[in-house]
Amino acid sequence: MIMIAAGFLSTACGFSPLYRQDEADSLVPKMAQVSIDVIADRRGQILRNKLLTALNPRGSPEKPLYRLKITLKESTASTGIRADDTRTRGNLTIQANIRLQRLTDDRLIYNGKSSFTGSFDLFRNPYASWVAENDARDKTLTLLSQDIKIRIAFALRDQAPAAPTKR
C-alpha cells in the first residue's frame with residue numbers, strides 16, 4: 001500500500017524516470033545512437049564492451065548521432081603495510097576522461113571525468129595477488145561503465161537542440 005502511494009506522489013511532483021521507454025523523447029533511442037571509440041589497452045577493451053552492452057544492446061548504430069571518446073588512467077597504491085614492511089592490501093584507481101560530441105554540428109555535449117577505486121588483498125602467492133587485482137579492476141570498470149552511462153544519459157537529456165544543417 002505504501003509503495004502505491006509513493007508511486008502516485010512521485011508522479012504528482014513531476015518525477016520522471018530517466019530511462020523511461022513509453023515517451024517519444026525517451027533517452028533509450030538517443031543512447032543507442034552513441035558510437036563508442038576504441039579505448040586503448042585491455043582495460044579499455046573491457047570498459048568499451050561494458051558500455052556497448054549498456055548503450056547499444058542491439059549493436060552499434062549504422063549512422064550514429066553522437067561520438068563517445070574515453071581515455072583511461074590507472075594507478076595502484078599499497079594501503080596495508082605490516083611492521084615487517086610487507087604489503088597486505090592494495091588500491092587500484094581508474095580515472096576516465098569522457099568526451100561526448102554530437103556529430104551533426106560537432107558540438108561538445110559532455111566533457112568530464114569519472115574515477116573509482118577498488119581494493120584487493122595481496123598474498124604471498126603472486127598468482128593469487130594477480131587474480132585479486134584483476135578482480136578489483138573488473139569491478140572498478142563495471143562501476144565506471146555504470147557511472148559513464150548515467151553521465152551520458154543526463155547530458156543527452158539536458159542538451160540543447162542541434163543547429164539546423166545548411167543545405
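In this text, all values refer to a predicted model and were calculated from it rather than measured experimentally. When a residue number appears, it is its place in the shown sequence, counting from 1.
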*Apply side chain to side chain contact (heavy atoms under 4.5 Å, CB included) to S60 and L52, showing your working.*
CA-CA 8 Å; S60 295; L52 285 170; 4.0 Å; yes

*asked:* Quick one, R102 with L65, criterion side chain to side chain contact (heavy atoms under 4.5 Å, CB included). Give me CA distance, side-chain angles, the key distance, then yes/no.
replied: CA-CA 6 Å; R102 186 169 46 208; L65 300 177; 5.7 Å; no

*Assess whether side chain to side chain contact (heavy atoms under 4.5 Å, CB included) is satisfied between K113 and Q95, documenting all intermediate values.*
CA-CA 7 Å; K113 294 180 181 184; Q95 179 182 0; 2.9 Å; yes

*Which is it for Y66 and L156 under the side chain to side chain contact (heavy atoms under 4.5 Å, CB included) test, yes or no, and what are the steps along the way?*
CA-CA 10 Å; Y66 307 95; L156 292 175; 3.5 Å; yes

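Side-chain contacts under 4.5 Å among hydrophobic residues (ILVMFWY), followed directly or transitively, place L103 with no other residue at all. The hydrophobic side chain of F123 is isolated, with no ILVMFWY side chain under 4.5 Å apart from it.
Partners of T117 according to the side chain to side chain donor-acceptor pair (under 3.5 Å) rule, which considers only residues two or more places apart in sequence or in another chain, are T93. With sequence neighbours excluded, the residues satisfying side chain to side chain contact (heavy atoms under 4.5 Å, CB included) with A155 are L100, I109, Y110. Residues that satisfy the side chain to side chain donor-acceptor pair (under 3.5 Å) test with S75, not counting sequence neighbours, are absent from this structure. Shown here are the salt bridge (charged side-chain N to carboxylate O under 4.0 Å, His left out) partners of D41, two or more places apart in sequence or in another chain: R43. Under the rule for a side chain to side chain contact (heavy atoms under 4.5 Å, CB included), R58 has no partner lying at least two apart in sequence or in another chain. Residues satisfying the side chain to side chain donor-acceptor pair (under 3.5 Å) criterion with S119, sequence neighbours excluded, are N91. Partners of K139 according to the side chain to side chain donor-acceptor pair (under 3.5 Å) rule, which considers only residues two or more places apart in sequence or in another chain, are D135. Annotation: salt bridge (charged side-chain N to carboxylate O under 4.0 Å, His left out) contacts of R151 (sequence neighbours excluded): D147. Partners of R89 according to the salt bridge (charged side-chain N to carboxylate O under 4.0 Å, His left out) rule, which considers only residues two or more places apart in sequence or in another chain, are D121.
Proximity of L92 to E74: side-chain heavy atoms (C-beta onward) are separated by under 4.5 Å at one or more points. Looking at R157 and K30, their side chains never come closer than 4.5 Å, going by heavy atoms from C-beta outward. Contact check for L55 versus I36: side-chain heavy atoms found under the 4.5 Å cut-off. When side chains are defined from C-beta on, I94 counts as touching R137, because their heavy atoms get closer than 4.5 Å. Using a 4.5 Å heavy-atom threshold, the side chains of D138 and K50 count as touching. Considering only heavy atoms from C-beta on, I98 comes within 4.5 Å of S114 through its side chain. By the 4.5 Å heavy-atom criterion applied to side chains, P61 and N56 are counted as neighbours.
For the side chain to side chain contact (heavy atoms under 4.5 Å, CB included) test with I46, the passing option among L51, I39, L141 is L141; the others fail.
In this structure, OG on S129 lies 5.0 Å from CG on L122, to the nearest 0.5 angstrom. For the atom pair NZ of K69 and OG of S35, the computed distance is 11.5 Å after rounding to the nearest 0.5 Å.
R48 and Q45 share no donor-acceptor pair across their side chains, judged by distance under 3.5 Å alone.
The stretch residues 125-148 participates, sequence neighbours left out, in these ring-ring contact (aromatic ring centres under 6.0 Å, His included) pairs: Y127-W130.
Closest approach of L72 to A96, counting heavy atoms only: CD2-CB, 3.7 Å. Of all heavy-atom pairs between L144 and S115, the closest is CD1-N, 4.2 Å.
The pair D37-R99 fails the salt-bridge criterion, with no side-chain N (NZ, NE, NH1 or NH2) lying under 4.0 Å from an Asp/Glu carboxylate O.
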